[in-house]
Amino acid sequence: MDKKSLGLTLGMLGLVLIPIAIYGVVVAGPAGSGRYDQLAQCLTDKGTKMYGAYWCTHCQSQKRLFGKSFAKIKYIECSLPGGQEQTQECKDAGVNSYPTWEFGEGSRLEGEVSLDTLVKKSNCEEVSN
């Protein structure tokens, strides 16, 4: 490859990689942190957990709501591979629909739940980084 072709190739590569890098730093934030880390940690600290299934579209929406911060949520996968059966843990807990949010004092909410509702139900403050 001659110098002109190499320079053109590197220039094109830079045009693609630079916007991706800017997006990663500005929009997505620093690696490992999420917008709702403190809220998610507070929910977990207060005994809140979410029961869900990998195939559940509402569970996926709930996870997207938290973004990277969902990693701090106590999540219990209820579906066995193949999606036809439920884990014993979820059977024993009486989980009948997904997602099911269970709070420290034992109350539950089924279905997609807003951040505001989670904040009020758990007495956590909504904190975004």
Side-chain angles (χ1 to χ4, degrees):
M1 183 180 280
D2 65 6
K3 287 184 179 184
K4 185 176 181 181
S5 295
L6 180 61
L8 186 60
T9 301
L10 291 175
M12 298 280 284
L13 189 59
L15 288 174
V16 172
L17 293 179
I18 290 172
I20 291 171
I22 291 171
Y23 173 84
V25 171
V26 175
V27 177
S33 70
R35 182 174 179 191
Y36 299 109
D37 282 356
Q38 291 178 355
L39 171 59
Q41 189 62 57
C42 179
L43 290 169
T44 297
D45 290 346
K46 291 196 175 195
T48 303
K49 50 189 156 187
M50 184 185 124
Y51 293 93
Y54 69 87
W55 48 261
C56 166
T57 56
H58 295 288
C59 298
Q60 296 305 318
S61 294
Q62 201 74 88
K63 290 176 182 180
R64 276 193 304 277
L65 184 64
F66 277 92
K68 289 180 181 181
S69 300
F70 192 79
K72 295 186 178 297
I73 296 289
K74 169 82 173 163
Y75 173 73
I76 294 124
E77 177 60 46
C78 291
S79 184
L80 292 172
Q84 299 301 313
E85 294 183 47
Q86 191 179 50
T87 64
Q88 192 61 49
E89 179 180 6
C90 294
K91 287 178 187 177
D92 292 345
V95 176
N96 297 312
S97 65
Y98 310 117
T100 294
W101 286 91
E102 185 177 85
F103 299 90
E105 86 290 344
S107 69
R108 290 185 173 179
L109 292 174
E110 295 180 344
E112 289 183 48
V113 178
S114 71
L115 292 178
D116 190 48
T117 299
L118 290 169
V119 165
K120 289 175 184 168
K121 187 77 174 144
S122 65
N123 293 315
C124 289
E125 292 183 32
E126 183 173 3
V127 181
S128 60
N129 296 334

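Since this is a predicted model, take the numbers as computed values, not measurements.
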Quick one: name the residues clustered hydrophobically with L80, using the 4.5 Å side-chain heavy-atom rule over I, L, V, M, F, W, Y, and just say none if it's on its own.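 Besides L80, the hydrophobic cluster comprises nothing; the residue is isolated.
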
Residue list, salt bridge (Lys or Arg N to Asp or Glu O under 4.0 Å) with K121, at least two apart or on another chain: E105

Using only atom types and a distance under 3.5 Å, with no angle test, would you say the side chain of Q62 pairs donor to acceptor with the backbone of V113? yes

Any side-chain to backbone donor/acceptor pair from T100 onto S97? Under 3.5 Å, distance only.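 Here the side-chain-to-backbone pair exists.
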
Hydrophobic clustering (ILVMFWY, side-chain heavy atoms < 4.5 Å, transitive) - are L65 and V119 grouped together?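 Yes, same cluster.
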
Going by disulfide bond (SG atoms under 2.5 Å apart), name the residues that satisfy it together with C59, two or more places apart in sequence or in a different chain. none

Can you list the residues that meet the disulfide bond (SG atoms under 2.5 Å apart) rule with C56, with sequence neighbours excluded? none

Pairs touching residues 66-122 that satisfy disulfide bond (SG atoms under 2.5 Å apart), sequence neighbours left out: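 Every disulfide bond (SG atoms under 2.5 Å apart) pair that includes a residue of residues 66-122, provided the two are not neighbours, is C78-C90.
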
Partners passing side chain to side chain contact (heavy atoms under 4.5 Å, CB included) against Y54 (at least two apart in sequence or in another chain):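 Result, side chain to side chain contact (heavy atoms under 4.5 Å, CB included) vs Y54: E77, S79.
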
Among all residues two or more places apart in sequence or in another chain, which pass the side chain to side chain contact (heavy atoms under 4.5 Å, CB included) test with T57?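 Partners of T57 under the side chain to side chain contact (heavy atoms under 4.5 Å, CB included) test: none.
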
Which pair of non-hydrogen atoms, one from Q86 and one from V95, has the smallest distance, and what is that distance?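 Taking Q86 first and V95 second, the nearest heavy atoms are NE2-O, 3.0 Å.
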
For T87, side chain to side chain donor-acceptor pair (under 3.5 Å) partners two or more places apart: none

I need the full list of ring-ring contact (aromatic ring centres under 6.0 Å, His included) pairs touching residues 61-92, with sequence neighbours left out, sorted by first then second residue. F70-Y75

What pairs of residues pass the ring-ring contact (aromatic ring centres under 6.0 Å, His included) test when at least one of them lies in residues 89-110, not counting sequence neighbours?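 For residues 89-110, and leaving out neighbouring residues, the ring-ring contact (aromatic ring centres under 6.0 Å, His included) pairs sorted by first residue read W55-Y98.
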
For residues 39-48, which residue pairs qualify under salt bridge (Lys or Arg N to Asp or Glu O under 4.0 Å), counting only residues two or more places apart or in two chains?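 Those involving residues 39-48 do not exist here.
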
What salt bridge (Lys or Arg N to Asp or Glu O under 4.0 Å) pairs are there with at least one residue in residues 86-103, not counting sequence neighbours?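 As it turns out, the salt bridge (Lys or Arg N to Asp or Glu O under 4.0 Å) pairs with a partner in residues 86-103, which skip direct neighbours, are K49-E102, E102-R108.
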
